[in-house]
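Start at 1 with the first residue, then count along the sequence.
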Amino acid sequence: MSRRHTAPSSSAEELLNTLGQLTGRILERIKMQQARVELAAALQRHTLGAPLPAVRGLRVAGRYAPARDGLDIGGDWYDVFPMPDGTVGCAIGDVQGHDVEAAAYMGQVRTCLRAVAVATTEPAEVLARTNDLLISMGSGLFVTCTFLRFDPETRELVDARAGHVPAVWATDDGRCEVVLDEGGLPLGILDGEKYPSSRRVLAGTGAFVLVTDGVVEGPGHPIDEGLARVAELAAAGCSADPDELAARVIAVADLTGHSDDAAVLVLGHGDPRGTAAR
């Protein structure tokens, strides 16, 4: 006996139509999100793609690792640039959030720091003015940041920290420390915030290592443990090629289980061959 196929009821047709519409909307959102991720990645590459400048008295290297999940690409960055008074500005930072907004804001923060450094090179003042400028823009985002000034003539390094991860400093005479200098709030939170600065002379041979939290912190992995691992690597490699040290430090992110992006900036000082740096 042949089977007869009945036409779907009107309620079934409505359900199929609804499912079709929902599927179309989901696909559109997926395509839109993919486009946003690709744009964020392009902004990140544009910002970090240029080689770092040569700096008299320093051996500089930076590394960036994108988020394991492409949707989590964010606003980690580092920067090194000459300033009008002959000193050199160095910065590392991490924008709140992910996706294209964070990546775009990262570019704005980087530009603001460079623009403010034309008027003043004092790190505490650079951060304070940048903070007020970002708040006036009203983006609603905030960013952690460390800004440093290196003087090639005196070898003095001055740094100020806005809610950012502490740096690590190691020298070839056995000194190694997590730099727990006082800092201020992240940029973009409180108008008029002040940022203390610290001064040190980079004597001898060593390395000043800066990281974002994606390197040292993750689920079930406290930041203290991550910083301790970075300190071990810095102590063992402070006389090595800064690019090699940066590669070893960025690999710590694989141990923390952090899905965020990560950045490292290494400032090697002194001459590992034992001759005076020019």
Shortest non-hydrogen separation from [X] to [Y] and the atoms involved:
X	Y	value
A128	E193	CB-O, 3.8 Å
G86	P152	O-CD, 3.7 Å
A234	V168	CB-CG1, 3.9 Å
A207	L245	CB-CD2, 3.8 Å
G226	V252	O-CG1, 4.4 Å
A124	S197	CB-CB, 4.1 Å

- Can you name the residues that form a side-chain contact (heavy atoms from CB on, under 4.5 Å) with L113, not counting sequence neighbours? W77, A91, V109, V126, L127, T130, C145, F147
- Pairs flagged by salt bridge (Lys or Arg N to Asp or Glu O under 4.0 Å) wherever residues 201-212 is involved - sequence neighbours left out: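 Non-adjacent pairs meeting salt bridge (Lys or Arg N to Asp or Glu O under 4.0 Å): zero.
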Sub-3.5 Å donor-acceptor pair from the side chain of [X] to the main-chain atoms of [Y], do we have one?
X	Y	result
D261	Y64	no
S136	L133	yes
E177	W169	no
Y195	L185	yes
H269	F208	no
D181	S198	no
H164	V211	yes
D94	Q96	no

Indicate yes or no: does [X] engage [Y] in a salt bridge with an N to O separation below 4.0 Å.
X	Y	value
R200	E156	no
D243	R59	no
R161	E182	no
E225	R229	no

In one Ile/Leu/Val/Met/Phe/Trp/Tyr side-chain cluster, 4.5 Å: [X], [Y]:
X	Y	value
M83	V116	yes
L190	M137	no
Y105	I189	no
L180	V165	yes
V178	I223	yes

In the structure I gave you, are the side-chain heavy atoms of [X] and [Y] within less than 4.5 Å of one another anywhere?
X	Y	value
V215	I250	yes
P242	V60	no
L148	V158	no
D79	R114	yes
P53	V80	yes
F150	L58	yes
V264	L210	no
L227	P166	yes

- Task: List the steps and the verdict of side chain to side chain contact (heavy atoms under 4.5 Å, CB included) for C90 and L265.
- Result: CA-CA 9 Å; C90 306; L265 181 63; 4.3 Å; yes
- V230 and V216: CA distance, side-chain angles, deciding distance, side chain to side chain contact (heavy atoms under 4.5 Å, CB included) verdict: CA-CA 8 Å; V230 171; V216 294; 3.7 Å; yes
- Candidate pair S139 and L134, rule side chain to side chain contact (heavy atoms under 4.5 Å, CB included), full reasoning: CA-CA 8 Å; S139 72; L134 293 174; over 6 Å; no
- Are side-chain N/O atoms of T87 and D151 paired as donor and acceptor at under 3.5 Å?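 No.
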- Query: Without hydrogens or angle criteria, can the side chains of D76 and T212 be said to hold a donor-acceptor pair below 3.5 Å?
  - Reply: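 Per modelled atom types, D76 and T212 side chains form a pair under 3.5 Å.
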- Item | Verdict with reasoning, E122 to R149, per side chain to side chain contact (heavy atoms under 4.5 Å, CB included) | CA-CA 7 Å; E122 181 62 36; R149 180 187 68 197; 3.5 Å; yes
- Whichever hydrophobic residues join V118 through chains of side-chain contacts under 4.5 Å: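 Its cluster mates, by chain and number: none.
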